[in-house]
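Reckoned from all heavy atoms, side chains included, excluding hydrogens, waters and symmetry mates. Both counts, for ligands and for their atoms, begin at 1 and track the order of listing.
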Amino acid sequence: MSTSSHPVDPSKAIEHTQLLIDGEFVDALDGKTFETLNPATGAVITQVAEGGAADIDRAVQAARRAYDHGPWPRMKPDERAAAIWRLGDLLLADAEEIGRLETLDQGKPYSQAVGGYVPAAAALFHYMSGFATKLEGSTIPISAPGRYHTYTQREALGVVGLIVPWNFPLNIAAWKLAPALAAGNTVVIKPAEATPLSTLRLGQLCLEAGIPPGVVNVVAGYGSTAGQRLAEHPLVDKVSFTGSTATGRRILEAAKGNLKRVTLELGGKSANIIFADADIEAAIAGSTDGIFNNAGQACAAGSRLYVHDDVYDEVVAGMAEKARQIKVGDGFEPDTEIGPLVSLEHFDRVSGYLDIGRGEGEVVTGGARVGEQGYFIEPTIFAGAAQDSRIVKEEIFGPVVVASRFRDTDEVIAMANDTRYGLSSGVWTRNVSTAHTVASRIQAGNVWVNTYGVFDAAMPFGGVKESGWGREMGHEVMNDYTDVKTVCVNIDG
Ligand code: NAP
Ligand code: MG
């Protein structure tokens, strides 16, 4: 893969590789660092300070001071809103640099990072900034004897730990940081070890936006050390985690010491259902994008494809044709549509599922590595696997979809719900009754009808069943970053 047509210089020095604690970029206390790699080449990008438990302690103490004594939670709501809005503006102004870091570290196409993901993160800060001035309670006419003025008020929780995965490092950090800040909390962010760079830069932008020191701390490091300490820390009031269901259980265990609040946005194995009366061309295009976008490394990916028998051959052939046309490559190549998997470890994991899939079903297209360097895998479609096979049951988190046939609505709803997960789903039909029937009966946190993968700052997102607890985005998320206090005043004169 030539690098001659790069629109940017991927080798430019990285500015922020230390931990952000109390408004300063600092080394880890024990001086440790780790390498972060470019998944398109396997080459080391830079060394990053490796935060351990002691660094988490420092960061939590800084966040605690900023919450208990600092200006942030006491600031006038419109001033807090203005700072969060400014952060959105700064992200837009910084799109090329922070987008470059996202592509380098994570692998996603640079054009998508700069043109799509950074603006989406900025939009999130802009949208959420408005809640700072709208955290309202209610007045409640109670029926107790006497005369009372009773009202509720929404209050911040305190110090919030944000544990972020590597698939959308900047955006998932934004999903959590923006509402946490709007409510007046202070935070410690632990980005994934594979993708710390854009989050460290986001920390710098928070300072430039005028968010006071100590309000946003960023500690890069490993999950088993830094992440674990953050989840169990007695001075942390809430932890919001996105990642695997297995790690989600560990977070829950760790959080129980002080019964901190927990938001979990976990895995998925989302059913995408195509009925015979659908706009087949649109369904093929949307379903192809709905699984292969971000190389399938998306919790919401439409990884179980259910197609009505009458159109099954046409849809599967159409998706295979589109899959073969997808340009897989280095994210800095201008025509790249999907990049590499994030790491060698993850590449090995997904490759393992390709082997399993060959035993459980047939390969319609793909199924192999692309190139010799970097962690690229072909967009892959399996068919003919049993509903209890591993490739139908388990989250692969790569560019791999499993196609199955169905004959009627009851049958497909039963198949769609036969999973421990419940994150997303898709339905393609021209029949309004079918659309609403499936939408109401499917066990999932969100349903896309005649589209797939639409995200917006105003749309709540999250799962049911083992896909997690709580919601990101929309009004809903503010409930997850605040508590309600009830005040009852005796006004009997
Ligand atoms: P993971 O373990 O769930 O990692 C997510 C985040 O949690 C990372 O920041 C990770 O840190 C941290 N972490 C790991 N162990 C922890 C612990 N004991 N306490 C606190 N934090 C901890 O995910 P993964 O191992 O990278 O990926 C495995 C699978 O998870 C994927 O194949 C996919 O199925 C799923 N996944 C889902 C999502 C999603 O959006 N729902 C995102 C990513 C992965 P380090 O990575 O730095 O160790
Ligand atoms: Mg990396």
Side-chain angles (χ1 to χ4, degrees), residues 34-37 39 48-53 56 105-106 161-173 175-176 188-200 218-233 236 239-257 260 262-270 293-301 303 341-353 375 377 390-391 393-400 420-424 445 453 455 461-463 466-470 472:
F34 65 98
E35 291 173 343
T36 191
L37 306 179
V48 175
E50 182 191 328
I56 290 288
D105 217 8
Q106 201 276 342
L162 311 179
I163 301 179
V164 179
W166 41 255
N167 52 340
F168 300 99
L170 176 65
N171 297 77
I172 295 180
W175 289 2
K176 299 177 187 305
V188 176
I189 313 177
K190 209 291 292 172
E193 158 269 327
T195 55
L197 298 178
S198 60
T199 317
L200 291 166
V218 183
V219 179
Y222 291 90
S224 56
T225 51
Q228 180 74 24
R229 179 64 181 152
L230 186 56
E232 71 194 12
H233 205 293
V236 172
V239 62
S240 175
F241 167 79
T242 298
S244 64
T245 296
T247 302
R249 287 201 172 81
R250 260 177 241 128
I251 300 282
L252 211 48
E253 274 295 318
K256 75 183 183 192
K260 59 174 64 67
V262 176
T263 290
L264 301 172
E265 203 267 276
L266 307 176
K269 189 77 181 179
S270 299
N293 180 44
N294 208 39
Q297 302 166 115
C299 43
S303 51
L341 297 185
V342 74
S343 64
L344 178 57
E345 184 193 2
H346 191 54
F347 173 85
D348 286 343
R349 196 171 167 273
V350 174
S351 301
Y353 275 109
Y375 313 131
I377 285 185
R390 290 187 61 190
I391 56 167
K393 289 279 176 213
E394 297 175 18
E395 182 175 48
I396 298 174
F397 223 67
V400 183
R420 65 194 182 109
Y421 294 114
L423 194 54
S424 298
F455 283 86
F461 175 75
E466 292 183 33
S467 289
W469 292 353
E472 316 263 19

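- Taking OG1 from Thr225 and CG from Leu230, the interatomic distance works out to 11.0 Å, rounded to the nearest 0.5 Å.
- Two residues are said to be in side-chain contact when any heavy atoms from C-beta on lie closer than 4.5 Å; Tyr353 and Val400 fail this criterion.
- Rounding to the nearest 0.5 angstrom, the gap separating the NZ atom in Lys176 from the CZ atom in Phe241 is 8.5 Å.
- Within 4.0 Å of ligand 1, counting heavy atoms only, the contacting residues are Ile163, Val164, Pro165, Trp166, Asn167, Lys190, Pro191, Ala192, Glu193, Gly221, Tyr222, Gly223, Gly227, Gln228, Phe241, Thr242, Gly243, Ser244, Thr247, Arg250, Ile251, Glu265, Leu266, Cys299, His346, Arg349, Glu395, Phe397.
- Pairs of residues two or more places apart, or lying in two chains, that qualify as salt bridge (Lys or Arg N to Asp or Glu O under 4.0 Å) and include a residue from residues 240-249 are Arg249-Glu466.
- From Glu193, atom CD reaches atom CG of Leu37 across 8.0 Å, with rounding to the nearest 0.5 Å.
- The backbone N or O of Gly268 lies less than 3.5 Å from a partner atom in the side chain of Glu395, making a donor-acceptor pair.
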